[in-house]
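A short write-up of the structure that comes next.
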Amino acid sequence: QVQLVESGGGLVQAGGSLRLSCAASGRTFSNYAMGWFRQAPGKEREFVARISRNGINTYYTDVVRGRFTMSRDNAKNTVYLQMNSLKPEDTAVYYCAATALVGVTTLDRSYDFWGQGTQVTVSS
């Protein structure tokens, strides 16, 4: 099992920034690629970003590319999502997830472990 706990969400004005963190415990963190997903009210959960096990490779959905940056610190068992130039449409509950798969995957069913989520609200 891998336990994941997100933090860093909150209320921010459009154009502002937030940094989400996801702390992992349990199995060896560096054995898992990590992803961030989000779910807005009334919508399905969607992929946001993914980072490889060693942190070298990242992948983003088009709507956040250039504004969001995902990183990880394997020594601290933590993954981050730096979100800049936030827009009201970024409002959602943000989840981190862990997958044992090596290749890039944007499907939530490919991820094995999930956190409880952290709310991000962007006001206009």
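Excluded from the calculations below are hydrogen atoms, water molecules and symmetry mates; all remaining heavy atoms, backbone and side chain alike, are included.
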Working note: V79 + I51, criterion side chain to side chain contact (heavy atoms under 4.5 Å, CB included); need CA distance, chi angles, decisive distance, verdict.
CA-CA 9 Å; V79 66; I51 193 166; 4.1 Å; yes
Taking all non-hydrogen atoms of both residues into account, name the closest pair between [X] and [Y] and its distance.
X: T105; Y: S110; answer: OG1-OG, 3.1 Å
X: L4; Y: A97; answer: CD1-CA, 3.8 Å
X: T106; Y: F37; answer: O-CE2, 3.5 Å
X: G9; Y: V120; answer: CA-CG2, 4.2 Å

All pairs passing disulfide bond (SG atoms under 2.5 Å apart) where residues 48-88 contributes a residue, at least two apart:
none
Tell me if a side-chain donor or acceptor on [X] pairs with a main-chain N or O of [Y] at a distance below 3.5 Å.
X: Q1; Y: R27; value: no
X: D112; Y: A100; value: yes
X: T99; Y: A33; value: no
X: T28; Y: S30; value: no
X: E46; Y: R38; value: no
X: R72; Y: S52; value: yes
X: N74; Y: R53; value: yes
X: T91; Y: E89; value: no

Listing request: all ring-ring contact (aromatic ring centres under 6.0 Å, His included) pairs with a residue in residues 73-100, at least two apart in sequence or in separate chains.
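Counting only pairs at least two positions apart or across chains, no ring-ring contact (aromatic ring centres under 6.0 Å, His included) contact touches residues 73-100.
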Hydrophobic cluster identity match, [X] and [Y], side-chain contacts under 4.5 Å:
X: F113; Y: M34; answer: yes
X: V93; Y: F68; answer: no
X: L86; Y: V63; answer: yes

Intermediate values then yes/no, ring-ring contact (aromatic ring centres under 6.0 Å, His included), W36 and F47:
CA-CA 6 Å; W36 283 99; F47 169 81; over 10 Å; no
Cation over ring face, R67 and Y60, 6.0 Å, 45°:
no
Working for side chain to side chain contact (heavy atoms under 4.5 Å, CB included), residues D108 and E44:
CA-CA 11 Å; D108 57 3; E44 293 187 352; over 6 Å; no
Passes side chain to side chain contact (heavy atoms under 4.5 Å, CB included), F29 versus V2? Steps please.
CA-CA 8 Å; F29 179 65; V2 175; 5.7 Å; no
Anything under 3.5 Å between a donor and an acceptor, one on a side chain of residues 10-25, the other on a protein residue two or more places apart or in another chain? List them.
| from | atom 1 | to | atom 2 | distance (Å) |
| --- | --- | --- | --- | --- |
| S17 | OG | N84 | OD1 | 2.9 |
| S25 | OG | Q3 | OE1 | 3.4 |

Hey, is R65 close enough to D62 for a salt bridge, meaning N to O under 4.0 Å?
yes
Worked check of side chain to side chain contact (heavy atoms under 4.5 Å, CB included) between W114 and E6:
CA-CA 10 Å; W114 292 82; E6 302 95 336; over 6 Å; no
